[in-house]
There are 2 protein chains.
Amino acid sequence: MTRSEENYLKTIFHLGGGDSKSITTNAIAEQMETKPSSVTDMAKKLSEKGLVDYVRYQGVSLTAVGVKTALSIIRKHRLWEVFLVKKLDFTWDEVHEVAEQLEHIKSEKLVDKIDELLDFPKYDPHGDPIPTKDGKFQERDEKLLSEMPINSQGVCVGVKDSSVPFLKFLDKNRIALGNTIKVLDKEDFDNSLRIQMEGKEMRISHQIAANLYVKKND
Amino acid sequence: MTRSEENYLKTIFHLGGGDSKSITTNAIAEQMETKPSSVTDMAKKLSEKGLVDYVRYQGVSLTAVGVKTALSIIRKHRLWEVFLVKKLDFTWDEVHEVAEQLEHIKSEKLVDKIDELLDFPKYDPHGDPIPTKDGKFQERDEKLLSEMPINSQGVCVGVKDSSVPFLKFLDKNRIALGNTIKVLDKEDFDNSLRIQMEGKEMRISHQIAANLYVKKND
DNA sequence: AATTAAATTTAGACAAATCTAAAAATAGAT
DNA sequence: ATCTATTTTTAGATTTGTCTAAATTTAATT
């Protein structure tokens, strides 16, 4: 399994190709910042290896083996992210790039030992769930802050957008995972929110609210 | 800097090409288990990049920049080895293969933080010195056990051969770095030694003694 | 149903890193 | 100093992953 193959599987999974849903070559190309023709080539290759189902002009979806492989890479990526933050004091906006490299290290023992060292974490620094060794996903009952009704409360558990600028913005505004959130009011005009976060009242734009996952109370 | 380029620099350094000594393409090819013609190609490439001095038919040696680059890779390799042993309970015969991968991860912060986490180790699990961040080497006053005179004493500080079989052999015979060693007698016939290790008397072959580094007392 | 726009694939090319086989240079022996 | 054996390089081919440009298929519209 080459690094490139692994990256394709990961991308296809992130685009939803794990649920036997067909992902177009265009969508994959855009996500990976490559050309559709390159995706076609790789689709054939992965298909030959039994990792994806590929029908010409119809896009690709992951086979069971493909899903398993993708999950193992995602597992590694997220475990390394936790390691970088918890053990090496990286900030959550610094970890992605390095984890992109570390996720390709081939050593089952290494991953398992890192998992153990971290005491088997369930979520990465951005709140994304870490698949278990046997490829199980811990789905979480979370919704976007922008979809929470007025007066509902919850805890901030993840980010949808984990780009560096967004993460830095959150840091600057003292918005962190684990914070309690209550929706006080919604502004019809621009969909901005008035919220209480850790007791402090603040106003946030729809853009922000639509990229924060909250676990609702009760 | 590609992974392949890094591996060539590392190999040339290990073959002594850091002291403006010319290393033959054949020697490099043999060490890397590749063909001399491939080495020639890479020699040209590295020469163009100013990392090696290359004269046709005369072999290659590292430039100052080449040495610095090689040392930074070796530094990473050895720090990762320490990490694997100290933090993840790998045995010293398991670390090389994984470190060969980890040494190519590109993140200065990552290396520095690993260094810090390990409290700035000076030697790797096989007793090889870890270059400092600015490329300095801590040479050690060590000699091979096979060259120690009768009745001399010392501490086992490193292995010359760090192959898996040799390391496993040492484990099985309770020979570890840090052990005290005294040479009791040498057998002229086969150059085998009678030694006292950690108070216990034992006999070892020349083959073994010629691959153990000892720091002599006084 | 025919036409057109968009998406997708094919064909052919390229760069990196490797190989084989043949040619060239070096070094050792007489 | 010449010859020969060895080492080293060159030339051309291969594989992987990518690209561009052209051709094909699909989907949308009328």
Side-chain angles (χ1 to χ4, degrees), chain A residues 1-17 20-62 66 69-70 73 100-101 103-106, chain B residues 1-17 20-62 66 69-70 73 100-101 103-106:
Chain A
M1 175 78 63
T2 68
R3 178 171 299 224
S4 185
E5 288 170 351
E6 290 186 348
N7 284 332
Y8 273 97
L9 292 181
K10 197 179 46 155
T11 301
I12 295 166
F13 183 90
H14 281 136
L15 291 172
S20 49
K21 189 178 106 187
S22 260
I23 311 299
T24 65
T25 49
N26 247 9
I28 298 167
E30 190 176 351
Q31 180 74 23
M32 298 185 72
E33 298 182 40
T34 181
K35 302 293 168 184
S37 55
S38 305
V39 178
T40 300
D41 290 342
M42 186 56 84
K44 287 177 186 167
K45 192 176 165 197
L46 293 173
S47 172
E48 297 236 322
K49 293 195 171 192
L51 294 161
V52 304
D53 290 318
Y54 168 57
V55 183
R56 281 172 53 198
Y57 296 100
Q58 301 303 134
V60 298
S61 63
L62 296 172
T69 309
I73 300 158
E100 286 282 301
Q101 299 180 61
E103 73 189 4
H104 299 292
I105 303 288
K106 281 165 184 54
Chain B
M1 176 78 62
T2 69
R3 178 171 299 224
S4 185
E5 288 170 350
E6 290 187 348
N7 283 332
Y8 274 95
L9 292 181
K10 198 179 47 156
T11 300
I12 295 165
F13 183 90
H14 281 135
L15 292 172
S20 48
K21 190 178 105 189
S22 259
I23 311 298
T24 65
T25 49
N26 247 8
I28 298 167
E30 191 176 352
Q31 181 74 24
M32 298 185 73
E33 297 182 45
T34 180
K35 302 293 167 183
S37 55
S38 305
V39 178
T40 301
D41 289 344
M42 185 56 84
K44 288 177 186 166
K45 193 175 163 197
L46 292 174
S47 173
E48 299 235 319
K49 293 196 172 191
L51 294 161
V52 304
D53 290 318
Y54 168 59
V55 184
R56 280 175 41 187
Y57 295 101
Q58 301 303 135
V60 297
S61 63
L62 296 173
T69 309
I73 300 158
E100 286 283 302
Q101 299 179 63
E103 71 188 7
H104 299 292
I105 302 290
K106 281 163 184 56

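Worth saying up front: this structure is predicted, and the values here are computed from it rather than measured. By convention in this document, chain letters (A, B, ...) are assigned in the order of the sequence lines, proteins followed by strands, and residues within each chain are numbered from 1.
- In this structure, the nucleotide among C:dA16, D:dT9, D:dT8 sitting nearest to the side chain of B:Thr40 is D:dT9.
- The minimum heavy-atom distance between A:Val52 and A:Ala43, with the atom names listed, is CG2-O, 3.8 Å.
- Between B:Asn26 and D:dT6, a side-chain N or O to OP1/OP2 separation shorter than 4.0 Å is absent.
- Protein atom CE of A:Met1 is 14 Å distant from nucleotide atom P of D:dT16, rounded to whole Å.
- In this structure, OH in A:Tyr8 is found 14.0 Å from CG in A:Leu51, a value given to the nearest 0.5 Å.
- To the nearest 0.5 Å, atom CD of residue A:Glu100 and atom CD1 of residue A:Ile73 are 10.5 Å apart.
- Residues satisfying the side-chain hydrogen bond (donor to acceptor under 3.5 Å, both in side chains) criterion with A:Glu6, sequence neighbours excluded, are A:His104, A:Lys106.
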Can I get a per-line list of side-chain donor-acceptor pairs under 3.5 Å for residues 22-39 of chain B, giving both atom names and the distance, sequence neighbours left out?
{"residue": "B:Ser22", "atom": "OG", "partner": "B:Gln58", "partner atom": "O", "Å": "3.2"}
{"residue": "B:Thr24", "atom": "OG1", "partner": "B:Ala27", "partner atom": "N", "Å": "3.1"}

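- The phosphate of D:dT9 has OP1 or OP2 within less than 4.0 Å of a side-chain N or O from B:Thr25.
- B:Glu30 places its CD atom 15 Å from the C1' atom of D:dT8, with the value rounded to the nearest Å.
- Pairs passing the salt bridge (charged side-chain N to carboxylate O under 4.0 Å, His left out) check and including a residue from residues 46-57 of chain B, sequence neighbours excluded, read B:Glu5-B:Lys49.
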Heteroatom pairs (N/O) under 3.5 angstrom, protein to nucleotides 2-5 of chain D:
none

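- For C:dT10, the OP1/OP2 oxygens have a side-chain nitrogen or oxygen of A:Lys44 closer than 4.0 Å.
- The side-chain hydrogen bond (donor to acceptor under 3.5 Å, both in side chains) test applied to A:Gln101 returns no partner, not counting sequence neighbours.
- Atom CZ in A:Arg3 sits 7.0 Å away from atom CD1 in A:Ile105 (nearest 0.5 Å).
- With DNA chain D read from its 5' end, the first of the two nearest nucleotides for A:Arg56 and A:Arg3 is the one closest to A:Arg3.
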If a protein heavy atom is under 4.0 Å from the base, mark B; if only from the sugar-phosphate, S; if neither, -; do that for nucleotides 18-23 of chain C going 5' to 3'. BBB---
